[in-house]
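Reading through the C-alpha cells given below for one structure.
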Amino acid sequence: SSGAAAAPLPEEDCMKLNPSFVGIALSSLLAIDLWASKRLGVCAGEGSAWGSARPLMKVIEVSGHGIPWLLGTFYGLCQSDSSAAREVLLNLLFALLLDLVMVAVVKGLVKRPRPTHNKMDMFVTLSVDKYSFPSGHATRAALVCRFVLRHLVLAVPLRVLVVLWALIVSISRVMLGRHNMTDVLFGLLLGYALYGVVEHCWLSPATAPALFALW
C-alpha cells in the first residue's frame, strides 16, 4: 500500500549504490590521468600544438625501442674480445629479454587501450603493442639507465646524459600520445624493479658456464 514503509535494500545493492571511497578515488585519478595525458599530447599529430617537433619525438621513440637495443647488444656481444665485456653484454641482453617478456605479460593481462588521440604509426609493433599499460619504452629506459650507470665507467657529463635520455624517452611517450601518464610512471617503476632482478640473477662464468662457452 502507499502508506507502507519501503522495504530495505539488500546489502549488496546498498554497496553498489554507495561505492567505496577507494573506488571513487581511483575513478577520479583515472579521469585526471586521461585528461592530463590528452592535454600533454602536444606532439600527437602534425596539427597538434607542437606538431613540428613530432619527427624529433619519433627519433627519440626509436632510440628507446627494443629492437635497436637487442641488435646492438647482440652485435657487441659477437664482436667483443674481452671476457669482462662479454659478461656485461650478456647480462644486458638478458635484461632486455626479461623486459620484453614482463611488459608483454602485463600488457596482455591489463589490456588497457592506447589513448584515443594516438596515431598508430609506431616503429615496429607486435600484437600486444596495441595495449598501453605499461609503457615498454619507459620500462626499458629505466632498466637500461640503471644498468649503464652501474656497470659502465662514465664521466659525470655522460652519466647525466644517460639519465636525461631516460627521462626524455619517457616524457616523449605522453607527448606523442602513445601512452597515458600512469602507463609511463608504472613503466619506470617496473624497469627500476627489473634491474634488481637482473642483479640478483647475474650471469657469470661460474653461474652459467654453458652460456659463456658459446661466446
Side-chain angles (χ1 to χ4, degrees), residues 26-73 95-96 99-149 157-195:
L26 290 176
S27 298
S28 300
L29 288 174
L30 177 61
I32 293 171
D33 177 39
L34 297 175
W35 173 81
S37 300
K38 189 170 184 178
R39 292 293 299 270
L40 293 172
V42 292
C43 300
E46 289 76 6
S48 302
W50 292 9
S52 59
R54 183 174 172 81
L56 175 61
M57 291 293 105
K58 294 190 72 172
V59 171
I60 295 172
E61 177 177 66
V62 174
S63 77
H65 197 279
I67 289 181
W69 276 100
L70 283 170
L71 292 178
T73 302
L96 293 170
D99 162 67
L100 287 176
V101 171
M102 290 302 300
V103 169
V105 168
V106 177
K107 281 180 182 286
L109 290 174
V110 178
K111 296 183 178 179
R112 185 183 194 184
R114 296 269 181 179
T116 55
H117 56 286
N118 173 51
K119 292 179 64 176
M120 293 300 290
D121 59 349
M122 296 169 287
F123 175 74
V124 187
T125 59
L126 300 175
S127 59
V128 293
D129 287 329
K130 63 184 178 181
Y131 301 125
S132 179
F133 185 92
S135 167
H137 280 68
T139 305
R140 191 171 304 107
L143 175 61
V144 170
C145 180
R146 286 198 72 189
F147 191 99
V148 168
L149 294 180
L158 291 178
R159 295 175 72 86
V160 172
L161 284 177
V162 170
V163 175
L164 286 177
W165 168 79
L167 291 176
I168 290 171
V169 167
S170 301
I171 293 171
S172 72
R173 309 312 293 155
V174 179
M175 294 179 66
L176 280 169
R178 307 296 197 206
H179 292 279
N180 297 303
M181 292 192 303
T182 49
D183 304 332
V184 173
L185 291 175
F186 184 85
L188 289 171
L189 292 174
L190 179 60
Y192 191 91
L194 285 178
Y195 174 78

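- Lys119 pairs by the side-chain hydrogen bond (donor to acceptor under 3.5 Å, both in side chains) definition with Glu46, not counting sequence neighbours.
- Residues forming a side-chain contact (heavy atoms from CB on, under 4.5 Å) with Trp35 (at least two apart in sequence, or on another chain): Arg39.
- Pairs passing the salt bridge (Lys or Arg N to Asp or Glu O under 4.0 Å) check and including a residue from residues 128-140, sequence neighbours excluded, read Asp99-Arg140.
- Here Leu167 pairs with Val163 under the side-chain contact (heavy atoms from CB on, under 4.5 Å) rule; sequence neighbours left out.
- Every side-chain contact (heavy atoms from CB on, under 4.5 Å) that Val106 has, sequence neighbours left out, goes to Val110, Phe133, Pro134, Phe186.
- Looking only at distances, a side-chain donor or acceptor of Thr139 sits under 3.5 Å from a matching main-chain atom of Gly187.
- By the side-chain hydrogen bond (donor to acceptor under 3.5 Å, both in side chains) test, His137 is found to be paired with no residue, residues two or more places apart in sequence or in another chain being considered.
- Listed by chain and number, the residues in a salt bridge (charged side-chain N to carboxylate O under 4.0 Å, His left out) with Arg112 are Asp33, Asp183 (sequence neighbours excluded).
- Rounding to the nearest 0.5 Å places CG of Leu158 at 10.5 Å from CG of Leu149.
- With hydrogens and angles ignored, the 3.5 Å screen pairs no side-chain donor or acceptor of Ser170 with any backbone N or O of Ala138.
- Under the ring-ring contact (aromatic ring centres under 6.0 Å, His included) criterion, Tyr131 pairs with no residue at all, not counting sequence neighbours.
- Listed by first then second residue, pairs satisfying side chain to side chain donor-acceptor pair (under 3.5 Å) with a partner in residues 58-69 read Lys58-Asp121, Glu61-Arg173, Glu61-Arg178, Ser63-Trp165, not counting sequence neighbours.
- Every side-chain contact (heavy atoms from CB on, under 4.5 Å) that Val105 has, sequence neighbours left out, goes to Val101, Leu109.
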